[in-house]
Amino acid sequence: MKLKYTMDSNFAIVKTIKGVERILEYCRKTGYMSFDFETKAKGGPQSDQDDCTIIGIAFQPGFAYSIPLYHKESNLDPEEIFPLLGKLWEDTSIVKVAWNAKHEYKWVRRYGYDIRGVYLDGMLAKYVLDEEPPNDLKSMVARFIPEFAGYDDEVDKLVKKHKGWEHVPLTPLSEYCCMDADFTLRLSIFFEKLLLRPKNPKFYPLFRNMAMMQSRTFAESELMGVKIDVKYLNRIEQQTRGRIEKNLKKLLAIKVIRRYQEWRITDHIRKLIESTNAEIYAIKTGKKEAKNEASKARMINQREEKISRYIAGELVTKKEVVDEVNFNSPDQMVQLLFTSPKGFRFKIVKYTKDKETKRPTTKPSTDEEVLLELKTKDKTGFIQKLLDHRELSKLHSTYMVSIQERVTPDHKIHGEFKIHGTVTGRPSSANPNLQNIPRTTTSSLIKGMYIPPPGHLLLEVDYGQAELRVAAELSKDPDMIEIFKKGYNVHVATAAKINRKFEKYEEIKGILSDPKHPDHLFWEKQKKRGKVLNFSILYLQSDEMTADQMGVSVEEAIEFKQEWFNQFPLIKKWMSAQERRVRKYGYVEGLFGRRRRLPDIYSDIKGFRNKAIRDSINAPIQGCSSDFTQFSTVIIRDHINRGTIKLTDSLQWRYQAYTVHDSIGYYVQPQFIHKAVPLITEICSNPDTQKYFNFEMQHVKMKVSAEMGKSWGSLEDYSYDKDYSLWLK
DNA sequence: AAATAGCCGTA
DNA sequence: GTACGGCTATTTT
């Protein structure tokens with residue numbers, strides 16, 4: 001049976017300031033304030049154009065009020081309401097509860113208040129308990145309070161109908177808002193209880209000391225934003241646009257392309273005639289109704305005229321006209337390269353893969369790998385130009401134009417970091433994604449637009465070989481541990497090991513730093529192979545793919561892997577142990593207590609089971625490495641707040657700018673650099689995991705390096721001897 | 001207007 | 001091999 005809340009005494013719209021004051025009283029009595037804003041979803045809390053339409057507040061299960069803030073049906077003055085709400089938010093004896101509290105917190109800050117005291121985010125509690133999406137409130141209500149599944153259906157329709165929350169009539173909006181606050185309170189308390197079960201003692205610290213603290217660091221970071229050199233951005237955008245246009249002209253002039261376009265037109269005309277003939281047939285046989293005989297004749301006549309126009313090649317309407325060849329269209333590229341009789345007629349290299357099953361489809365692929373293969377058979381130079389076009393248009397649309405569209409009047413970008421964004425514990429980034437900004441030489445110009453604010457430099461702290469260090473710690477492999485203890489570069493050491501020259505590590509290192517040495521190129525290659533090998537093994541990559549990446553035969557790849565395992569025997573042992581654990585428990589766990597549940601280990605489908613085994617190895621390594629970065633951001637934030645680390649005098653720029661999985665970016669004024677950097681690297685290398693997560697690294701230490709830059713595109717290794725103030729002149 | 005497919009950027 | 005987000009083209013509603 002589907003229940004529905006009614007507007008009885010439990011839920012109400014507050015219409016007077018007296019009513020708001022009563023809510024304050026209730027929250028103080030129960031010690032809980034669960035709240036949820038409905039807002040105009042546009043610029044977010046950073047922009048001063050958008051406002052909260054309404055807030056729902058619950059203080060005990062089943063009891064909630066809504067207060068209209070900026071709603072046309074309300075006569076309440078928000079200027080009077082906010083100071084009252086502020087008293088609640090800043091009252092340390094009241095537990096603040098929200099679903100995705102980072103979002104609510106940003107709005108609270110926007111109105112000039114802070115949230116003090118204990119803070120409970122049901123969504124993050126749920127995420128720690130179960131990392132698989134969905135994580136949204138509606139889905140959780142459907143799962144745990146199924147009698148109220150779909151409670152938002154009605155208001156959803158109204159939002160669509162009235163085009164925005166702010167236009168939905170107050171009564172249904174208020175009811176919905178109360179339900180949101182109420183369900184948030186109930187589920188949050190429920191999930192927190194589950195986190196506190198003594199049988200999983202690591203959950204609550206992970207929730208409190210990691211997830212909830214990340215909520216703060218990311219909220220501050222998102223509000224602060226990153227600075228953009230808009231002049232520079234506009235310049236490279238224009239440049240790139242020009243290059244794309246020029247390339248496009250050249251591409252379109254290629255003979256085969258002209259021929260293919262002719263074919264497209266004739267083929268299109270053929271199809272138009274076919275379908276018009278089909279229409280005529282439908283009219284004649286009565287499948288398409290006509291009012292009377294006269295109109296029937298007229299309809300047929302019209303279509304026959306159309307056909308003669310088509311035959312003459314006269315295409316006029318938007319549907320009829322054939323656009324120029326579009327090199328961004330995978331469909332057209334398939335025709336051009338493989339299927340069209342007037343195209344290149346290349347042999348199909350491979351097929352695209354189905355997302356669900358990962359099996360090849362019947363559609364030929366035109367991805368980069370395919371193009372590189374075709375390039376050797378192409379004499380027109382088209383393939384190279386297409387590759388160039390792909391690269392440029394990707395850079396242009398994703399990393400230039402979309403940034404231009406998002407940049408604020410004060411030249412900032414406000415991305416969003418999702419704590420619950422991945423199943424492994426890594427945060428994800430969106431709107432825009434600051435974690436996939438191009439870094440290669442061809443596109444390094446992109447990072448040049450990410451500059452520190454005036455008077456500041458960019459400090460990036462990077463964890464080095466985080467995943468392999470974690471793997472060494474988890475597996476306790478003595479050989480891998482030795483590499484890190486000696487401070488070796490793990491990929492070079494691996495290269496030395498698989499060549500059975502480990503004792504000559506220092507010598508090899510010397511060769512690598514001497515470009516004139518006769519063996520320099522050899523060891524460069526070996527180092528690259530070592531790196532490929534390290535990752536391929538950690539993630540159980542197929543032999544074929546490893547061979548491909550290493551540039552060796554499959555047989556050789558298998559031998560390399562064999563040798564690798566001989567060199568690091570305990571890693572293999574750990575991997576089998578992970579497999580055993582996931583079979584036994586259905587989940588695996590990393591050092592911070594973060595779990596990855598892998599029920600697919602019990603699937604009937606072998607592919608699913610194998611995936612679960614790979615995940616059981618990858619997830620703790622990936623998640624745990626990221627946990628170190630995240631933990632560091634939290635500790636550093638604490639130091640900044642206490643004043644034990646100082647990066648800047650600016651209040652505006654005092655938060656972290658970004659994190660990208662194993663690196664963290666800060667803005668810093670030169671006079672603080674030499675005091676702050678050693679402190680930060682010390683904290684990151686030896687984080688106090690004992691205190692907050694009840695474990696200690698037994699065998700390897702984490703390692704961080706620091707880089708400084710006048711932009712994200714020009715980072716240099718930090719040096720204690722450098723006078724960075726000179727960089728600002 | 002919303003969903004899917006293909007491709008491609010990052011760690 | 002693992003983990004993501006986002007753009008463009010294209011189909012579906």
Side-chain angles (χ1 to χ4, degrees), chain A residues 131 133 160 163 323 325-334 350-356 358 361 363-371 386-387 389-403 405-406 415-418 420-440 442-444 446-447 462-468 471 531-550 557 561 575 596 598 610-626 629 658-663 712:
Chain A
E131 70 285 359
K160 266 185 199 139
K163 298 186 166 87
D323 290 333
V325 179
N326 184 345
F327 299 99
N328 293 322
S329 159
D331 289 356
Q332 287 185 37
M333 289 308 102
V334 167
K350 63 166 184 184
Y351 293 90
T352 60
K353 286 208 167 88
D354 186 275
K355 258 198 179 133
E356 291 272 294
K358 293 210 163 184
T361 61
K363 202 188 164 224
S365 165
T366 67
D367 69 11
E368 189 177 359
E369 187 197 327
V370 169
L371 294 185
L386 181 59
L387 283 162
H389 173 76
R390 283 242 180 106
E391 186 181 3
L392 283 178
S393 52
K394 174 95 181 176
L395 294 179
H396 186 250
S397 63
T398 309
Y399 303 108
M400 298 182 195
V401 176
S402 108
I403 299 295
E405 286 165 356
R406 294 170 197 273
E416 201 183 319
F417 293 91
K418 279 191 202 150
H420 60 290
T422 74
V423 290
T424 59
R426 275 184 177 179
S428 75
S429 164
N431 308 313
N433 182 348
L434 291 169
Q435 293 179 329
N436 73 345
I437 311 294
R439 56 169 178 94
T440 56
T442 43
S443 41
S444 75
I446 298 286
K447 280 197 164 174
D462 290 86
Y463 274 93
Q465 297 126 9
E467 300 204 336
L468 283 158
K531 189 172 178 177
V532 169
L533 201 52
N534 282 335
F535 288 110
S536 75
I537 285 169
L538 244 34
Y539 304 139
L540 295 187
Q541 194 180 50
S542 70
D543 298 329
E544 290 75 15
M545 197 169 271
T546 309
D548 192 62
Q549 282 187 18
M550 284 181 79
K561 285 188 180 181
M575 288 163 70
R596 176 75 182 109
L598 297 163
N610 284 337
K611 168 89 162 70
I613 292 167
R614 286 197 299 274
D615 286 350
S616 76
I617 292 159
N618 172 259
I621 294 175
Q622 189 189 112
C624 199
S625 325
S626 161
T629 312
Y658 58 84
T659 80
V660 187
H661 309 312
D662 53 14
S663 65
W712 209 2

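Per chain, numbering begins at 1; letters A, B, ... match sequence-line order. All heavy atoms count here, side chains included; hydrogens, waters and symmetry mates do not.
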Report which part of the nucleic acid A/Ser365 touches: base, sugar-phosphate, or nothing (heavy-atom distance under 4.0 Å, all strands).
sugar-phosphate
Picking from B/dG6, B/dC8, C/dT10, the nucleotide nearest the side-chain atoms of A/Asp367 would be B/dC8
Report task. For A/Ser393, answer base if it contacts any base atom (sugar-phosphate contacts may also be present), sugar-phosphate if it contacts only those atoms, and nothing otherwise; contact means non-hydrogen atoms under 4.0 Å. Result -> nothing
Rounded to whole Å, CE of A/Met333 lies from P of C/dA9 at a distance of 11 Å
- Message: Taking any heavy-atom pair under 4.0 Å as a contact, classify A/Thr546: base, sugar-phosphate, or nothing.
- Response: nothing
Among the nucleotides B/dA11, C/dG5, C/dT8, whichever has the atom closest to the side chain of A/Arg426 is B/dA11
Ranking A/Asn326 and A/Met545 by the position along DNA chain C of their nearest nucleotide, the one closer to 5' is A/Met545
Rounded to the nearest 0.5 angstrom, the NZ-OG distance for A/Lys353 and A/Ser365 is 9.0 Å
Open item on the list: For C/dG5 and A/Asn431 - does any side-chain N or O of the residue sit under 4.0 Å from the phosphate oxygens OP1/OP2?
Closed with: no
Check: A/Thr422/A/Ser428 side-chain N/O donor and acceptor closer than 3.5 Å
no
Exercise. Is any side-chain nitrogen or oxygen of A/Lys358 closer than 4.0 Å to OP1 or OP2 of C/dT2?
Worked result: yes
May I ask you to say what A/Ser626 touches in the nucleic acid, namely base, sugar-phosphate or nothing, with a heavy-atom cut-off under 4.0 Å? nothing
Problem - Backbone of A/His661 reached by a side-chain donor or acceptor of A/Thr629 within 3.5 Å - result: yes
The nucleotide from B/dC7, B/dA11, C/dT10 with an atom nearest the side chain of A/Thr366 is B/dC7
task: For the pair A/Ser536 (side chain) and A/Gln541 (backbone), establish whether a donor and an acceptor sit closer than 3.5 Å, ignoring hydrogens and angles.
output: no
Against the side chain of A/Arg390, the closest entry in C/dA9, B/dG9, B/dC8 is B/dC8
Rounded to whole Å, CH2 of A/Trp712 lies from P of B/dG9 at a distance of 16 Å
Which of B/dG6, C/dT2, B/dT10 is nearest the side chain of A/Asn618? It is C/dT2
Per atom distances to the A/Ser428 side chain, the nearest of C/dA3, B/dT10, C/dG5 is C/dG5
- For A/Ser536, report the nucleic acid contact type (base, sugar-phosphate, nothing); a contact means any heavy atom under 4.0 Å. nothing
Quick note, A/Lys611 side chain, CB onward, closest among B/dC7, C/dT2, B/dA11 is C/dT2
Testing C/dG1, C/dA9, B/dA11 for proximity to the side chain of A/Gln549, the answer is C/dG1
Of the listed B/dG9, C/dG1, C/dC7, the closest approach to the A/Lys394 side chain comes from B/dG9
For this session: Give a yes/no answer on whether the side chain of A/Ser663 brings an N or O atom under 4.0 Å of OP1 or OP2 in B/dA11.
Result: no
Requested in this report: Using modelled atom types only, decide if a donor and an acceptor are shared between the side chain of A/Gln435 and the backbone of A/Thr659 within a distance under 3.5 Å.
Outcome: yes
Regarding the side chain of A/Arg614, the nearest nucleotide among B/dG6, C/dT10, C/dT2 is C/dT2
OP1, OP2 of B/dG9 versus side-chain N and O of A/Thr398: anything below 4.0 Å? no
**Prompt:** Contact class for A/Ile437 vs. all strands (heavy atom < 4.0 Å): base, sugar-phosphate, or nothing?
**Reply:** sugar-phosphate
- [ ] Using only heavy-atom distances, decide whether a donor-acceptor pair under 3.5 angstrom links the side-chain of A/Asn433 to the base of C/dG5.
- [x] no
